[in-house]
Every structure is written in structure tokens, then in C-alpha cells.
Amino acid sequence: MIHLKFKKGIQVLFVALLILTVSAFSTDRVVNDRDEDATDASGVPATGTYAQILKAAGDMPVYGHWQSFTTENGLPANKAYCVRIDGDRVLVGTSGGLAVYEDGKWKTYTTKDGLGHNAVLAIDVSQLTGDVWLGTLGGLTRWSGGSFYTFTQLNSGMPNDVIYSVACDGKDVWVATGGGAGHYDTYKDQWEIYMERNAPMHEPWTYGVCAGDGKIWIAAWGGGIIEFNKKTKKFRDYTDPDEQMELDVFPDDGVVHDITTGVSYADGILWVATYFGVNWYDGAHWKTFFDKDSGLLSNFNNFNRAVGPVVYYCTDKGLSTFNGKTWVCYQRNEDKPGGNVLITNGPKLTDGVKTTKYAVPTSLSHNFVIGVDANDKEVWIATSHGVSHGERIK
Amino acid sequence: MKRKRLIILLVVVGMLGILYFPAHNAARKHVNYMTAVDNHPLNCTRCHLHMINEGPLYKAVNRTYRSPYNLAISPDGKTLYVVAQESSELLVVDAQEGKVREVLPVGKQPHTVVVTSDGKTAFVSNEWADNVYRIDLTSFGVTDTLHTGNGPAGMVLSKDNRYLYVANSFANEISIFDLSSGEEVKRLLAGHDPAGAAISPDGKTVYVTSRRILKRPYRKPISVELTEVNAVRQRVKTRKLFHDAYIMENVDFTPSGDLAVATLIRPKNLVPSIQVEEGFMMTHGFGVIEPGDSGRIIQLLTDEPNAYYSDPFDIVVSPDGRKAFISSSGVDMVQVIDLDKVRKLIATSTDKELKEYANNRGLSSRYVITRIPVGANPKGMVISPDGKYLYVAERLDDKIGVINTGTYRLEREIDLEGPGKITVARRGRQVFNNAGGTFQNQYACYTCHPDAGEDGLVYNMAGVGMGRNVTNTQTLRDIADIPPYKWNGHNQSVYKQDGMRFSTFLTRTEPFNFDDLDALASYIMTGIKNPPNLRYNPDGHLTPAQKRGEKVFFRTHTNCGKEIPYKSRCYVCHPPPDFTDKLLENVGSLSETDDSIPFDTPQLNNLFNAGPYLHDGRAQSLEEIWTTYDPGDRHGITSDMTKDQLNDLVEFLKSIRDAKYYSKYYSEEYKPLLKALYKHNYYYDLRNGKENEENNH
Amino acid sequence: MKKVIRSFFIFLLLSISAFSFGQEKKHNYGNTPDDMVPYGRFQEAYINFFDTPQPFTGAGREKPEPTDLKEVRIGFLGPLDSTALVPQGKMMLKGCELAIEQANKEGGYKGIPFKLMVHNDFGLWGAAANKVVEMYDEHVWAFLGSIDDINTHVALRATLKMEIPMVNSGDPDPTLCETRIPWMIHVISDDRQSCYALAEYIYKVKKLKRVAVMRVDSRYGRVGVKEFREAARRIDHPIVLEIRFLDGDTVFTKQIQRIKDVNPDAVLLWGNAEETALIVNQLRAAGVDVPIFGSDRMVNPTFLKIAGKNAEGIVTTCQYDPSADNPKLEKFKKEFYDRFGEEPDVFAAHAYDGMNIIIAAIRKAGLNRYKIRDVLTDLKTFQGYEGVTGKIIFDDAWNDIGSIYMAKIHDGNFIFFPSPLDTLTSNK
């Protein structure tokens, strides 16, 4: 009997050790250590579920009823780089040209119409004139009154023909290019180039640009964030305090990494995107968010755009939205229709802050999100495979 | 004593007699050389008095004329407001009495006047001052200055008089002012060289014309833009393109808004100029625009098979919408168009036929009712509110012609009380603007040199080689001091340029008589000024970029520290003040269709608005001169430059204004460089080292 | 019972060994020696970015292979005109051409020949980006390039948007892979490896303490010495002077005087062959007779020719050992000589390896850029690739952390030997 008990004991110990061993191995996985309560994962959420999502999201806008567009229903190419809501129409930059969605139909413009290149990487619309400025792989194209005119580095003072980002700021247009940041004064028809010789950049590579608060913010690839004060014409830079490419010593001490991919300013907050995490900066304090310590879906951020108090981060694992307090993220299912809305009620994960996952019947066309734009009613995203439109749920 | 005096007198007379023949011969040779003919009258004053372009003698010989350009009429039809372009004034004219009642100085080179619907306020665009004056017509004083973009020209008020749309001609923009605040609220991109503006009867659409062609690939067909502005959103809605046309000066809507009409010229610049005799060089007419998204654009000619009515300027639609009046400033006529017949023609023609009409000179008899002779160089027009009278600005007669629209007769002319006397240069200006010297009145000098500048087109002046040696039209502004002329530098004087060869290759008719030729040369040498470069260099203070570019312009070493060969330095071939060494150079720009010749180094003054560039206009922008068309560093050394350095150089080049401002280059800083030029026997005009007062304040 | 107990203990042993394997101390990122790890002595990093490879989660793998191709295009981006790097660029091109020609003799891709689309990255401003656009428009399946740091970075960023697999064989800038763009792999050891090797050698092997650095004022110089400077500081021997010169400079009097002023134990030169050779001559002429160390670009016949006897004893790093007893290398050298009539250099050899990797990836993945990328970056297919330059070992950022070599000049020749870093890592 004792023998039996001993045997049983050994077996229990064996099983316990087995469990321990397996669990020890399983902690090797690098996925985010979220406490995710999957609810209603089976299918179409009842109205009550959206009510739950809205309640959980608090002040944050929630988008649903996603509709996706690909070449099958009008897009010139599935690879969409950027999107811009322009009144009643939506402009999408794809690898196959500029696609314009208006009155429920897509219309495409290509190099035959005057585009600098069919790959349109960036779009901004001048609120002053209504002119559309398109950053392409072959120059900066101005689309005005139905006509296209392209600035290139050969026919104008523009720094380089590969335009990663465009920002309209009153009469001025800023571009981020591989040859520096370019500033075009439409009144003077004059270009200025900002690069390593006249700005605090090590090299002239720039990737993002935005305007706000009397300043121009440039995401300098390898140079962090460059701030240009329009009034004083002075620059200052914000770089990674630890100066290391491979690590971040302390969070919340400044720009997370010198390789920056996006910058957007709204409501007094500067939002920074990188491939290593994201930042929030209020003019005095920096906060850093990683996928491991917040609701951010991924550290790999292609682009960001802030609209009012909300920032939209385009990650390689879906769309993350955030207002400094709550994360609301959208991720499609890889293996079945629909997706999830993930809500994190707090800027960072703590014992009391968890991520809750809500299954929804529609979601993004692809989780590799490259571009985004939103307003009070809707959000549009450009992805690696198609464009998606989400309605704001109220 | 008397005898001694007599001997002295005889000796003097004898000496003079002896000297007469060689002096006469020398004078004859000189005149022959300068005029390129051997029978030009030997009269020193013909050139040496009327060619002086500054100083007291210039002032004594010449006059400042009023040169009415555009005009407006009060709502009650009693008062005309006339822009006096040359004297920079706004004239208040009693339309019935035919008297000038008030004269108000306005800004430099005013262009257009518009009056609010209550008749209390006028706005005058000052094209060479970059502003618009708001004028209280009750007190007749300037109450506000609206700062515009560069070269404010045509204007139109919104229907509620709240917004003013201004075409900034030099900057290719449309400024929109909120008149309640006086602030410019928008600046929209227009076509190239926007000129006239009109608003639709419902107030929802503003059309702005443009004169010069849009940028296009080298030697490709041209087009000119009519910019349609959505006046509700204040955004450009569409850019309506008129293919194979340019110099679209003005536009007007019919009262019902079913059509808009705009003047235009259709040049045939891609074929050799030999085609003049074949009636195929310049044709003139108007465009018809059907408003709306699907509206068509039709071009119709007012020319006839053997007669041309050149340089249409203004177009005005009668209050009943049935007629349009076109001032044809090159033939001193006002043409009357039957719009009902135009409507019918359009309605009964296929699209293909409509397209063909654009080149059909046999069609005008169907819709041109009559042509009314008026005074010299008719420009702006206005019709009385009751539609009974059409007032025409006879620019080079200093008069307003009054046409009875019922009888189509010039009933009377209102004298604007100009100087009266017609000076030689003024006569020359009339010749310049009149197409009478060209085969069948096909074009005037002005046609290719609007405002005495350049029209931006490339022509083949078919001489020896048909289709070879195409050249870009050059400006005639301030060229007195920079002979030789023509791209190949073959013409040592304006006389030669505009004399026999002119008739052979261009006008294709009898050459100008000597009086007209002398007058024309006098006008060109004395009367054409560069507009101020208010956009890039308003006061001589260069921007930081321009200063950096100036250093690049005057640099002697490359970025790598290597000395730049003398002839490869910018300033050597382009020395100030005219920025030309007046020599022939080869900068590697010859094309396969060019004879192997060097080109006259062009001046760089007011270069900013002189595109396209290079002798055949292949460079659409200044940047392209070096980025695209100078692969071998033959047009200066630029391949070592960084992009921002080239930008700086371009900014400096754009800042270069009229030659009179460049006394600064006699400063100590640049003296060594320029003296070195002198040593190298390159042309350098010291201008007596004279300081220019305008530059010193 | 015994069986149970025995199996339990066996399991326990296995578990412990598994634990110990699972908890095995990983090599520091970039093979950084323990005492040179950033902040290693006072703070563990909040996050390390390159612990795992960055996946590419975008679409594109579903694109079908084209069926009507007459050639399979592979891009080449290198300095072929208007720069002092043209000789290196031409060598790189020759290495690629040889690889392509050999692959075509072996049937190309399923009988379709490979075609090299050659682009010069030193044209107008930012030309590298424009050239990548040209390659995108030419539908290359992958490309190899380049040498200059700036041009390679510019191309890399453009690559990210155009999603063209990129193999770099000529630019040792470590920050290339540290951009985290999952479209590029490095098949040449980077300057991290060079700097750590030099730091180990100078400070620990040679036990020198006060080092003055003289570097070219370019990105190659600035980024190149960064890790050396930081490593020196971390091991308590901060460099005593960092002074710059320009490409094309011929007189270095001022810099040498400053070096003399600080009286260093050694001088580290970082620059191109011509300038560094002149510096060596002028240092020696000025009486600076301390040991001199140098960067990889000094391993060049031009350096030996200009510096002559003054070069004796100078030690540099080199990304491979051209004298290695490697049959593949011998074969390559012969074939290269037979084809081009000259000896290959470091750029030709690495380009040959890089192009062969591209060709192999295309053959394995098929004509789909995304699948080619997947193969290039899977850390399996080419992990431990035995090339003519030796074994290529990729880390999680796709940097080549394979062996770096030291080269010492003796009797006018470079003598290659393993770096102390190699010894350190192999002992781990």
C-alpha cells in the first residue's frame, strides 16, 4: 500500500514536474503577456456587444461595420500606401496609381494623367486651396482643379524624387524625401532644403513630416525628430537619449529610437512612430509605449496620424488607436472572417489594466496597415492588401 | 583785319569742305552698318536724339501718355472710371459730357478697375506695385491697400461685393480678398500669366483667363488654361484647356450664363514661318465655353481667308446676351459677334466639325456681324447698363471711343487730355502694336512680344534651313545696351533686326518705311522697361538663400577647391549690370537641328519670368538648364554642386532685376573680379562707375 | 519501480539540461564583449530590440509567378561613376557578373537566364533612391548593393516601400540592419565586429591605453568608429582624441600636431586607402612612432603603395581572409582571374557570395519577391552559408556576425590572422 502510495506519489510528482517543465518552456514565447478575456468570440456581436465595446472604450471612438476594397471592386492595386479623406471623397495612394472614391465608385489616375509615378506614398490636401499634394516615387505631384503637375529634383528645387511624406501648412508644402526635407512656398514658388548642412540631422534622410503649433516636425530617419520653429526659423532635435540602436535603457526618457517612421501633431501632443515602439510628447514629458507594456499591437509602426485627441498607429499587426488613456485596437482574424477589437483601459499594462478582446464580424482587409485617416464619422485605412473603411459606432 | 577774318573764314570753310566728304562717308558707313541698308536718311537726330533713354534730353523729347487700358462704368451709366496705364492714374470721366472730371494717382502700371454694384467703391489693380487700391468714389480717395501676389491684373467682384478675385499675372495665382476685413483669404493656382476674370450670373463660378501656355514637353503642342473657380468653396474646380491657343486675355459670361466667351490667339509655332504667305502663322478668335461639368470648349476664328484681325484683347457681352464685342487691338477695330448664330452653329455641328472650326477662317462671315474701326490699339471695353453704348479704351490715342451698339458706329471719342503731341517713340509704339505691317495683318510685333516681353513660344524663322534653328522668343525690355540681337547675334542693331530681314522672314510684306522703322527702333530702345522684380527682389535686399546663391554665381573654385576655368564661371559670361558679356558662346546646348554656331549670351535681368530657357526653349525651368541640359559642365561648372547650392544659385538668378540697380557690383567686394574681366578683354560696361540712387536708399 | 525511478531521474536530468539550455546565456547582440555592452555595468535595458527577427507580415506572397518572362532580372546598385569608390564598385560588379554568368551556365532559373540590371548610385542628389525606383519599374526580383553608407541607407529606405529584397555585401555600416527593415540582409561583417576586434586587440592584447582616433569626416568615418569609441569608454580607456580629415585631403599637419600634443599610445585611422596612407607617412615624418591601427578600407594595394615602408606593422581589420585555405575561395580566385584578368578584392568576393545567395534564394522561393525575402531572412536556408569569404552567420537582425580578421602589414604584404574577438566568441 505504501509502495502503491509511493508509486502514486512518484507519478504525481512526475506529472507535476512535467507540467512545470512544459510551462517553463512555454514562457519562452515572446508574445505579449496580456491578460485577454475573449468574449463573444463566436460570431456576430449583438447590439449589446457594441454597447460593451463603446462602454469599455470610454472617450475613444470605436469603428465597426468594416468594408474593404481591393482590385476586385475597383482599386487599381491591392498595395495601398496612404489614404486621405477629402470632404465627400477619399483619396488612396496605391502602387498602381491614385484611387479616388466618390459617390460609391472608384476612379484611378496614373502617370498617363500626369502623376509623377504610379506608386503614391503620401497624400495631403491643402485646406487653403483644396489642392491635393501627392508624394510619389517619381516626384511631388500637385493635383489642382483636375490638372496634375509634378515637381521633380530635375525641374525644380525639390530635394529628391522619392517622397515619403507630405504636409500642407497654409501656403507651404513640406515633403520628407531621401535627399532632405523640402519646403515649398507656393506664394514665392521657392524651395528650401533642410539637410545635414543646415539642420541638426546627421544625414539628409527624412521619412515623415507634419505641421502644428507654429512648428514643423520632421521624422528624420536616424536623426529622431527635428523641430523647426517657423517664427524663429530655428531647429532643435529630439534624439534617443541612450544613443543605442539595439536597446532602450529607460522608457519615457525621450524618443524611443533614432529611426523614426512617422510624426503627427494634434491637440498639443506630438505622436511619434518608429519600428521600435511609439512616443507621446506634450512639450515637456515623453512617454514610450511598447507592445509588451501597453495596448499597442506591435512595435513595428509604419505610420501614424493624430486627429484631435486620438492617434492612429499603423502597425504590422493591425490598427492601434489611443488617446493617452485608452487603447482601442483593431485586428483581423488570419484564419477566419471577422476580427477583434482590443481595448486596454489604461496607457500601460499594469496589474489593474488589462486588455479585453471583443470579437466582431467585420474587420480590416489586412493587418499590415500602412496608412490611415479619420474624421468624426469614419476611418479609412490603407493596407498591404486593400483599403478598409470603418464606420464610427455611436 | 577784315581780310584776315575773311582768310580765316575761307580756311574754315575750305577745311569743312575738305572734311565733309570723309565725314559724310564715315557717317554713311556708320549708318549703313547700323541699319544694314545703304539708303537710310543721314540724319543724326533720327537715332542719336530719339534713342536716348535717360536724362534731361530724354525727358525733353519724350512724353508720358495716359494710355487708357481698362475701364469701368458706374451703375447709373453716367461715369467712366478709366485706368491710365502709363501715367499710373485713375481717371473719372463724365460719359455724357466726355470730360475728365478727376485724376487720382494710383500705383505703378495700373491694370484694371472694378466698381461695386452700389457704385460707391472702386478697386484698381496696380500691376507693378503688387497691390490693389480701394478707392472711395464719394471722397475720391484711396482708403485701403490690398497686398496681392505678384502682378495683379484682372479682377472681379463676387455678386455680393464681399470678395474680390485678383489675377496675379506674374505669379500665376488668383488672390481672393475678403473685403469686409481687407484680408487675403486664399491664393489659388491659376494658369500661366493670368489676365482677365469674370463671374457667372449666378455668382457661383469665376473664370480667370491666362495668356501664356502651360508647361509642356519640349516642342509639343501648346495649350492655355481658363481657370474655373468654384466661388462658393473658393477652390479651383477645373482647369479648362484650350489646345493650340494662347494669349487668352479676357472672358465674359452671357447674362443667362448659357455661355462664356474668351478672346484667344492660335499660333502655329511648330511650323516654319514661311507659312505666313499661306495664311498659316497666327490666327485670332475667341473661345466659347459651355459652363458645367460636361460643357464643351469651342474655338472660333474671327479672321477671314485673306484678312486677319489680330490681337483680340477684351470681350464684352451685350446685356441681352445676343452679341459680343471684341476689341482687336492689332487692327484698331471692334468686332461684333452674333452670339445667336454662334449658339446655332454649335447646336447644329458635330464635335468633329467643331474641332475643325478652330482652324477655319471661312466661317467668320457666319457670325461676325461687322467690324467697327476705332482709335489706335483698342484695349478694355465696357458697355453701358442700358446696352446702348460701348466704351473702348483707345490706348495709343489717349481716347475713349464711344460706339453706338444700335448703329455699330463710332459716334464720338472722349479725349483723355494726354500730351497731345505724338513723339517718335510713341509713334513707334503704335507701329509695334499694329499688325498693319504684316502680311494681311496677321500679327503685330506685340503678338509675339506681349507687353514687349516674350510670348514663351519657340519659332522656326525659316531662313536657309527649313525646320532648323528653332529659337525661343526673346524679350524686348531694356535691351538698348546689350547688342547684338537675335540668338545668333547677327544683328548689331534694332534697325537691322526690324528692317529688311524682318520683312523677309517675318512680316512677309514691304519693310517698314524709314519713319516707321526709326520710330519703332526709338520705342524699343527707349520706351520698354522691365517691370520691377517685386516677387524675388523688391528692394535690393537679398534673402539668405539669394546671398548664398550670389556667392555661388561669383565663385572661382569648386566645392573640392579646384579652380574653375575662367570661361566656366557664371559671372564671366554674365557680368553685371546686364549679366551678359554680349559675346557669342557655345555652352553645349546645340541640338541636332541647329547649325553649328555659338549663341549670343542672353542677359539675365528679370530672368524669373522669362522661361522657357535656352535658345530653343527646351529648359522649362532654370533648374533644368543644369540638371538636364548640361551633362558635360559646358554651361558653367555645376556638377560638383549639392542640390541646395543649385537651389541657392537659382534663387539668386531669380532675384536679378533691371540693370539700373546693379551699382552694387562696383563695390569693393566685386571689383577685383570684374576688373579681372576687363583685363581679359571681355566686355565690361563700367557705366562710368555711376552709383544708382534707387539702389542706395 | 527501478524503471520508474530511473526514468524519473532521466527525465529530471533532461529537464535540467533543457532548463539549462533554455537559460543558456545568449551571445550579446552584435557579439559585443561582455565588458563592452552598452550600460552593461549599471542598468539592464528595458527592452532589447534585436532578440528576435522582425517578421514581415504584409501581403504579397500570394502573387503568382509570372509565366512569360524571358529573363529573370536581378538589380545591382553600386558606385560606378563620379566617385572615388569606383574601383571598389567595379570589383563588386565583377563579382556579381561572375556569379550571374556561372548561374546562367547552370541553367539560370528554370532555363530562363538571369539578367543583371546595373545601376550607378552616384548620380544626382539622392540618386540611390531613384535607382531603386528604376529597379522597381524594371521588375527586378532582388538586388545587391551598395558600398557608400549614405547611398546604401537611401536605397534601403526606398526598398522598404517598394518591397524588393536587398543583399548588402559592401557596406559595413552596422546601422543598416539596425533600421529593422525586414528586407535586407548583410553578408559582410560590419563595423561593430571591426571595432570590437580592434578594441580587444589594442587594449587587451597589446595593452595600450591612450588611443587617438583620426577619421574621415563622412558617415563611413563617423559611424565606423562609434562602436570603438564607446567600447573604449566602457573598458575605461576613453579615446584621448578624435579628429577628422576630408576625403581628398593631402596635408594633415594640423591634425598631426594635435595628435602629438596628446601624446597617445597608439593611433587608429579610419578612412580610405589613399588618405590614410598619406597620414601614415606624415605621422612618421612628424616623429609619431606609436603603433598605428586602421579600418578595413586600408586593406588595399593603394595603401601599401603610398605608405611603403611606413606601413610596416600596421594592423587593421578585414572582413575576410583572402589567404584562407578555402577551396571555394581558391576556385573563385581562379575563375575570377580567368574571367577578368585580375585578382578579386574584398568587394568582389563578398559580392560574389551575396549574388550567389540571391540566385539560390530565387531558385528556392520562385519568382515572388516576398517569398524570396522569406528565404533570405529565414535564418535557416543561408545560416552558416559557406561562401568564398568564409562562413556567414546571421544574427536576428540579419547582420553577418561571422568571423572578422586582423591584417598586419609585414614586408609589404597583409598577413591575416583571426581576431581576438573570434577567439572570445568561439570560447563561449
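The structure displayed is predicted, hence computed values, not measured ones.
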- Query: In terms of heavy-atom proximity below 4.5 Å to chain A, should C/Glu230 be classed as side chain, backbone, both, or neither?
  - Reply: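 Side chain of C/Glu230 only, per the 4.5 Å heavy-atom cut-off to chain A.
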
- Message: Between C/Pro174 and chain A, with a heavy-atom cut-off of 4.5 Å, which part of the residue counts as in contact: side chain, backbone, both or neither?
- Response: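 No part of C/Pro174 comes within 4.5 Å of chain A.
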
- Does a donor on one side chain and an acceptor on the other come within less than 3.5 Å for A/Asn299 and C/Gln54?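 No, no side-chain donor-acceptor pair sits under 3.5 Å.
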
Can you name the closest pair of heavy atoms from [X] and [Y] and give their distance?
X	Y	value
C/Arg180	A/Tyr275	NH1-O, 2.7 Å
A/Leu121	C/Lys161	CD1-CG, 4.0 Å
C/Val154	A/Tyr164	O-OH, 4.3 Å
A/Ser384	C/Ala59	OG-N, 2.6 Å

- Item | Residue list, ring pair (Phe, Tyr, Trp, His ring centres under 6.0 Å) with C/Tyr29, at least two apart or on another chain |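 Per chain and number, C/Tyr29 pairs via ring pair (Phe, Tyr, Trp, His ring centres under 6.0 Å) with C/Phe50.
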
- Message: Between A/Phe276 and C/Glu178, is the side-chain contact (heavy atoms from CB on, under 4.5 Å) condition met? List the steps.
- Response: CA-CA 10 Å; A/Phe276 306 87; C/Glu178 291 165 352; 6.0 Å; no

- Mind checking whether C/Leu156 and A/Trp205 have side chains closer than 4.5 Å, heavy atoms only?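 Counting from C-beta outward, C/Leu156 and A/Trp205 never come under 4.5 Å.
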
- Message: Can you tell me which portion of A/Thr206 sits under 4.5 Å from chain C's heavy atoms? Options are side chain, backbone, both or neither.
- Response: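 Just the backbone, heavy atoms under 4.5 Å.
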
- Charged N to carboxylate O under 4.0 angstrom, C/Arg219 versus A/Glu196?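 Result for this pair is no, no salt bridge flagged.
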
- Message: Centroid separation under 6.0 Å, is that true for the rings of A/Phe250 and C/Tyr46?
- Response: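 Aromatic pair excluded; centres sit 6.0 Å or further apart.
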
- Inter-residue atom distance A/Leu247.CG - C/Ile47.CD1, 0.5 Å rounding: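 CD1 of C/Ile47 is found 10.0 Å from CG of A/Leu247.
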
- Item | From CA spacing to verdict: side-chain contact (heavy atoms from CB on, under 4.5 Å), C/Val133, A/Asp161 | CA-CA 10 Å; C/Val133 176; A/Asp161 287 348; over 6 Å; no

- Item | Inter-chain contacts: residues 221-228 of chain C against chain A, heavy atoms under 4.5 Å |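 C/Arg222, C/Lys226, listed by number.
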
